[in-house]
Amino acid sequence: MVDSSRSVQKAVMQFLLGEGGHASQIYRRLEEVYGEHSLARCTTFRWCQRYETGRVNIKDLPRPGQVLVVTTVARFWLWMSSCSRNFGSPHVKLLLNSR
């Protein structure tokens, strides 16, 4: 099975652009290889444009409002203590009850 992750497809885009490929050709190639798991046409064209203007990083940049990932229980409780005013919210109650 082929790895169809976004980062792999973006790396393939960079490679094909380096070979002189155009966004429309690259989109067709991604569709051939990844099928229903390929990136959307508009996404492919947007990333090709970014790479053509000099971007080299394949990772998405952090966006405002993006979910914070808590990696350890200790960090989770540190975060929860900093949000103590929100302990009454239904979302926090749901989190606390799910441990």
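Numbering starts at 1 and runs along the sequence shown.
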Minimum-distance pair of heavy atoms, taken over all atoms of [X] and [Y]:
X   : Y   : result
N57 : Q14 : N-NE2, 4.5 Å
L39 : M13 : CD1-CE, 3.3 Å
V8  : Y34 : CG1-OH, 3.5 Å

Quick one: are R6 and K10 in side-chain contact, heavy atoms under 4.5 Å?
->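 Yes. Closest side-chain heavy atoms under 4.5 Å.
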
Is it true that a side-chain atom of Q9 and a backbone atom of H37 form a donor plus acceptor pair closer than 3.5 Å?
->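 Confirmed, Q9 side chain pairs with H37 backbone.
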
Using modelled atom types only, decide if a donor and an acceptor are shared between the side chain of E31 and the backbone of S38 within a distance under 3.5 Å.
->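 Flag not set: sc E31 to bb S38 has no pair under 3.5 Å.
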
Indicate, with yes or no, if Y51 and F45 share a hydrophobic cluster defined by side-chain heavy-atom contacts under 4.5 Å among Ile, Leu, Val, Met, Phe, Trp and Tyr.
->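 They do not share one cluster, since no chain of ILVMFWY contacts under 4.5 Å joins F45 to Y51.
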
What do the steps show when you test W47 against R55 for side-chain contact (heavy atoms from CB on, under 4.5 Å), and what is the final call?
-> CA-CA 9 Å; W47 278 100; R55 182 167 177 165; 3.6 Å; yes

When rounded to the nearest 0.5 angstrom, what is the spacing between CD in Q25 and CG in L16?
->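 Q25 CD to L16 CG: 9.0 Å, rounded to 0.5 Å.
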
CZ (R46) with more than 12 external heavy atoms under 6.0 Å =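 Enclosed: over 12 neighbouring heavy atoms sit under 6.0 Å from CZ of R46.
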
How about Q49: does its CD atom have over 12 heavy atoms from other parts shown lying under 6.0 Å from it?
->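 Open: at most 12 neighbouring heavy atoms sit under 6.0 Å from CD of Q49.
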
Over-ring placement of R29 relative to Y27, 6.0 Å and 45° cut-offs =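 So R29 doesn't make the cation-pi contact.
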
